[in-house]
Amino acid sequence: MNSLNALPLLIAAVLAPLAQGVINRTKAIVAGRVGQPLIQPYRDMLKLIRKGAVYSETTSWIFQAGPVAGLAAVLCAGALVPLAALPALAEFRGDIVVIAYLLAAGRLFTILAALDTGSSFEGMGASREAAFSALAEPSLFLALAALARRAGTASLTPAIAAVSARTWTQAAPALCLVLGALLIVFLCENSRIPIDDPTTHLELTMIHEVMVLDHGGPDLAMIEYAGALKMWVLGAILVGVALPFHSGAVWIDTAIALAGIFALAIVVGLIESLMARLRLLRVPELLIAATILAALALVLVRR
Amino acid sequence: MTLLLLSLALFGAGAIGALLSAGRTGWPDRVGVAAAVAAGVVGIWPAVRAATGASTESLRLAWSIPFGSFFIELDPLSGFFLVPVFGVCALAAIYGFGYLRAYRGRSTAAAWFFFNLLAASMVVVIVARNAILFLMAWETMALSSLFLVTFDDENDEARAAGWTYLVASHIGTAFLIVLFILLGRGGGSLDFDRFDASSGAGLIFVMALVGFGTKAGFFPMHVWLPEAHPAAPSHASAVMSAVMIKTGIYGLLRVLTIVGAPEAWWGWVLCAVGLVSALAGVLLALAQRDLKRLLAYSSVENSGIIAIGLGLGLVGTASGNIAMAVAGFAGALLHVLNHSFFKSLLFFTAGSVAHAAHTRDIERLGGLIKRMPLTGGLFLAGSAAICALPPLNGFASEFLIYMAGFDGVTATAGGNVAIAFAAVALLALVGGLAVACFARAFGIAFLGHPRDSSLPAPHEPAPSMLVPAIVQASGCVLIGCLAWRVVEALGPVVRIASGLPAASVAPALASISGPLAFAGAAGMAAIVVAIVLALIRRWMLSGRRVRNAVTWDCGYAYPTARMQYTGSSFVQPLTTVFASLLRPRRELVEPEGFFPQRASFESDTPDPCREYVFEPVFRRAGRGLAALRPLQQGQVQLYVLYIAITLVLLLLWQLA
Amino acid sequence: MNAMNQAVDAILVMLALTGFMLLGSSRLTACIRAVGAQGILLGLLAIAAQDGELSATGIAMAITSAAVKGVVLPALLLRAMRQANTIREIEPLISYNLSILLGGLGLALSLWLGGQLQLPTQPASSLFVPAACFTIFVGLLIIVSRRKAITQVIGYLALENGVYAFATAVAVQMPALVELGILLDVFVGVFVMGIAIFHIGREFNHIDADRLASLTDQ
């Protein structure tokens, strides 16, 4: 483990809000507007960090621990995820499980912080978040298990490194199915359309935005940063599977990975602009479809 | 061995002492608790020593019962299962001392008699090596826990729960009797070391699975768990859920070691039973509003997870995949230990809540964390452990079971891959649903505003009820951080359970304890990062204005506590998705007219297995057997006549 | 694995996905499009599975069957649908989520069956028999569990598609007469059913198979 392994985490920590900015800019351009500058998320976070805080009398220490726990969980999960061809900070057999359960720990504290306010709005968001992320877990595990079987190891960095251009010529259908399942899980975990709308402010239609309704100031900055970081981390897995180019030189690999992630951000922006949000009753069907895609991928990889 | 016998004697002395001092108030409690704690402290040392493989001791005494002998043996497997017995019984006794104070009006002597008897019988079950001794101890265990369940015998529910428990327990014991007959038939003796399982190993496995599975709470034999565990007082529920269920797992493992090399389909069946139990348990737990019933269904879920680990281990052994076998068995065994820690912790804190707020219904609770901060924090620790969040102990055991699953996915071929990837996917689903379940339990009961203002204001419980919970919580954290050391120490136990030679077990264990150490380190790193972030946040807010206000209520003028999300609303998305499996009952009286007088909505989720499988069968059996009613007229002369006729018939048969 | 085998694999995977689409969607247009897509996929499959021995009749047959099953029959069904004035399926006897779950189990069963069956000629891909069995299973499930008569026709088409896929697996090139016979059978069946549905709808103002059961004597 040399110092170069810290590169994926550092890049994620610095550039994650920029990916958010790219998505917002894409949506604005498709809608015919000029849109925010690309660095607007940084400005928003800095503005929030400089503010004070207001806490509800109903809440307890859990409300203040929620954002902290969420951000800590995503940071530690990010240390285990490679950025395309750049290996992660730590890799060991079974780190797939650790990543998924660290994200689940962050999610538990976010849900509890939402329930702590004693408001039905946050309760609504918490209940939907709990349900949909539970239904998305099998597809995430199955998709990563398909990659693990292909590579013969249960660790994420070697599994993604084993996806080369030759793998694409040999097992293209399986990899397409894995990408499809991972994309749906990505959209669910990051609360993007068609599962959730990050720009709506009607409580009855939100999932993630309504859970953090009562947070403000540095807490909200941490939550937004954690959200951007989670999107970067999950996107890095997608890009690693989709762009199988390993050149061996650090700068070229980094450039390719960054290009991939910003391309993914543009794709997400296009999806958000061109599709409508699903009715909440239909979201479980979408997640079951993702599980079926991942299961079919595993069937193909099995032979 | 002498220390073990001493602990048994102490339990016995405690039982009898509690009965003898029944007249004086307070003395049965003191005698019972002191004996239990002393026995636990005395007994845990030989248990740990045996589990880490120092030696195997045995004791064999003759007995006048035909086929019976007082043959007990303390090998690593027994020692490992004895550790939670002694630990949880001692702590539960301390907890019960404070808990039963509320029942001061009635005599608690019987409760302490049966508690010590239960503990002693569990010890004998785990060390017995003769079928007669085993069955007698098993029956004593069932009966003493039955009397603990019906301790609150003025409550109709408790009595009905006792009946269900009695019937289920005896159905399981019937299968066990058949099992021991099959095993002893070949060798002509009922001692475990003379059992011969060469013929009909498959049937023996099925008998063991049903008989011990009834005690362990596998689906569909679990229907007694959610009735019996809530009805018992909380210290007894903790013992039953955290330890007594594990005697079923122990029995299954013991039969597997006797039978020898497993066939492939055993692993498949056990894994399938485990997957169904885990999924059914967590789904039904999601739908409960009684806090202790929720914890009981969660025990069903965890028994399922242990069965998944055992099943994957058997598949690995049968297919020669040593890594998968060792990971599966190690994970299942570690989960047995972990579950005893966090389930007893959860029952202790749930009992404190029920004790303080006088209700177990979470829909009437709320805001408890402000009035009972320590209990709330301990319940949160237990919930995080049972949801398998790093770095607590639940994560370590589930990590090992996932390792077994991933080994199956990457390394094997054919049908084993299918069961391995089904295990991984469904285990992930169960994990996500468990997070939802315990977020609901903790969030609705402890957070927000109190929903029912008619309940008395709760307060922290007495230290005797807090200390056991604190001990278990620290155990969860310690085992979670040092899981890799615990797993390495489990070598002898895994060797016996899996039947693999020691030479292959040790390197396989070493190869999984490495990743386990890294996983634990990742969890601890998350905690360190969280602390650093909390300090940064405090520094950022230090100079600024921090105010209090009300929760944003959209400008509504009269917000009430009843507008908060309820437990059943919280899980409504999930119960709708799984409605065809859960079959919730809904009664809706819609508001009519312009000024509706009456409108109500009730929803309920009865156990589908009980509703649609067992109740119809038992009802039909009852109707059929009602034809035999005329035999019981209640007159003594008739009964004497029956006895006389039977004796005459026996005499004639013997002469012929 | 050469490119032709990969193409066959990809087509079979898409066939399975259309099966799931059929099980899970409540909108009739989506179901009709799914079954039309199955027809086109089967035409492509017939060409890809021949693996180099492409004869003129073979290609012509494939294109004709793709055209009929992928374009003509869906158009007929859409017309019948519009005339009967139905757009959505009402809640079926087995809910959508449960149907998808049963579909998953059916897929697992088909995979197992594919491994067990001994065929005289080795099919081009080991996914052939499972995908065909799965499509037959989907067709049967839809006929049995849906309420509207049009959806039952769609199920019948899926069943025929599954049987055709199975035949393609076993005998790569069937005599032209057999292929024409199958096509005629499907075409006439749908045509007759379409006319029947139109008349039923006109007479009873609905096409619910459930309510048609009340026509019996009891």
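Heavy-atom basis, side chains included; hydrogens, waters and symmetry copies ignored. Just so it is clear: chains get the letters A, B, ... in the order the sequence lines come, proteins before strands, and each one is counted from 1.
If you tally non-hydrogen atom pairs under 4.5 Å between each of A/G52, A/G106, A/A130, A/P138 and chain B, the highest count goes to A/P138. Between chain A and the residues B/A522, B/A526, B/A434, the largest count of heavy-atom pairs under 4.5 Å involves B/A526. Ranked by heavy-atom pairs under 4.5 Å with chain B, the list A/I288, A/L75, A/I62 is led by A/I62. The candidate with the highest count of non-hydrogen atom pairs below 4.5 Å against chain A, out of B/I531, B/V435, B/V430, B/I369, is B/I369. Per-residue heavy-atom pair counts under 4.5 Å with chain B were compared for A/F109, A/F92, A/F132, and the maximum is reached by A/F92. Counting heavy-atom pairs closer than 4.5 Å to chain A, the top-ranked of the candidates B/F570, B/F438, B/F406, B/F446 is B/F570.
When heavy atoms are compared at a cutoff of 4.5 Å, B/V577 approaches chain A solely by way of its side chain, counted from C-beta outward. Interface remark: B/L429 contributes backbone and side-chain atoms alike to the contact with chain A (heavy atom separation under 4.5 Å). Contact annotation for B/C437: neither backbone nor side-chain heavy atoms come within less than 4.5 Å of a heavy atom of chain A.
Ion pairing between A/E285 and A/R279 fails under the 4.0 Å rule for side-chain N and carboxylate O.
Using a distance-only test at 3.5 Å, with no hydrogens or angles considered, a donor-acceptor pair links the side chain of A/T291 to the main chain of A/L287. A/D196 contributes a side-chain N or O that, together with a main-chain N or O of A/H208, makes up a donor-acceptor pair within less than 3.5 Å.
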Original post:
For A/K230 and A/E189, what are the C-alpha separation, side-chain angles and deciding distance, and is it a salt bridge (charged side-chain N to carboxylate O under 4.0 Å, His left out)?
Top reply: CA-CA 8 Å; A/K230 189 153 105 164; A/E189 291 277 330; 3.5 Å; yes
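Residue A/K51 places its NZ atom among 12 or fewer non-hydrogen atoms of other residues, nucleotides or ligands, all under 6.0 Å distant.
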